[in-house]
Amino acid sequence: QVQLVESGGGLAQPGGSLRLSCSASGIDFSRYDMGWFRQAPGKEREVVATITRRLSTDYVDSVKARFIISRDNAKNTVYLQMNSLKSEDTAVYYCNAKNPFVAVVNYWGQGTQVTVSS
């Protein structure tokens, strides 16, 4: 059974910080590329940040220099450190695991709400 479980969401003030965690089970974690996606009310889901099994990272322009994605293979966990939060960051954040060798193998977490408001 494959499970991706996000945690760390909640309420933060503008300019504040939050760290999201995604714990994976049921997969060989070190062989998967990982990513964080988000979906705001009335908007389409968008990729926020990705980190490959080789530790290459990518970020959507709107979060560059503010967010950092990292992974700890020993803990089967991927993180998203979010700094200098803005109200525009408010969304449900989803963890994604993708097998880089088998395109159809793609797993999602249940999502965690992030709300940025004063």
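Residue numbers run from 1 in the order of the sequence given.
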Answer yes or no: is there a donor N or O on one side and an acceptor on the other, between the side chain of [X] and the main chain of [Y], under 3.5 Å?
{"X": "R45", "Y": "Q39", "answer": "no"}
{"X": "R19", "Y": "G9", "answer": "no"}
{"X": "D33", "Y": "R53", "answer": "yes"}
{"X": "Y59", "Y": "I69", "answer": "yes"}
{"X": "R31", "Y": "I27", "answer": "no"}
{"X": "E46", "Y": "R38", "answer": "no"}

Do [X] and [Y] make a side-chain contact, defined as non-hydrogen atoms from C-beta onward lying under 4.5 Å apart?
{"X": "V114", "Y": "T90", "answer": "no"}
{"X": "M82", "Y": "L20", "answer": "yes"}
{"X": "S70", "Y": "Q81", "answer": "no"}
{"X": "R71", "Y": "L55", "answer": "yes"}
{"X": "Y94", "Y": "N96", "answer": "no"}
{"X": "K98", "Y": "T50", "answer": "no"}
{"X": "S7", "Y": "T112", "answer": "no"}
{"X": "N76", "Y": "S25", "answer": "no"}

Please tell me whether [X] and [Y] are part of a single hydrophobic cluster in this structure, the criterion being side-chain heavy atoms less than 4.5 Å apart.
{"X": "L18", "Y": "V48", "result": "yes"}
{"X": "V5", "Y": "W108", "result": "no"}
{"X": "F37", "Y": "I68", "result": "no"}

Query raised in the report: Any chance the rings of F67 and W36 have centres within less than 6.0 Å?
Result: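 No, the ring centres sit 6.0 Å or more apart.
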Report task. Starting from the C-alpha separation in whole Å, work towards a yes-or-no answer on side-chain contact (heavy atoms from CB on, under 4.5 Å) for S117 and Q13. Result -> CA-CA 5 Å; S117 176; Q13 297 182 5; over 6 Å; no
Query raised in the report: In terms of the angle between their ring planes, are Y107 and Y32 parallel, tilted or perpendicular, with boundaries placed at 30° and 60°?
Result: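 Rings of Y107 and Y32: tilted, as their planes differ by 30° to 60°.
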Query raised in the report: Can you find a side-chain donor-acceptor pair between N106 and N99 that sits under 3.5 Å?
Result: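 N99 and N106 do not have a side-chain donor-acceptor pair below 3.5 Å.
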**Report entry** T77 versus D72, side-chain donor and acceptor atoms under 3.5 Å
**Finding:**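 Note: D72 and T77 side chains miss the donor-acceptor criterion.
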Starting at [atom1] of [X], measure out to [atom2] of [Y] and round the result to the nearest 0.5 Å.
{"X": "M34", "Y": "C95", "atom1": "CE", "atom2": "SG", "result": "4.0 Å"}
{"X": "S56", "Y": "I51", "atom1": "OG", "atom2": "CD1", "result": "8.5 Å"}
{"X": "S118", "Y": "L11", "atom1": "OG", "atom2": "CG", "result": "9.5 Å"}

Requested in this report: With side-chain contact (heavy atoms from CB on, under 4.5 Å) as the test, would you mind laying out the steps for L80 and Y93 before giving the verdict?
Outcome: CA-CA 10 Å; L80 185 67; Y93 285 70; 4.2 Å; yes
Report task. Might you point out which heavy atoms bring D89 and S84 nearest each other, and give the distance in Å? Result ->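 For D89 and S84, the tightest heavy-atom pair comes out as OD2-O, 4.5 Å.
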Query - Salt bridge D61-K64, side-chain N to carboxylate O under 4.0 Å - result: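 A salt bridge links D61 with K64.
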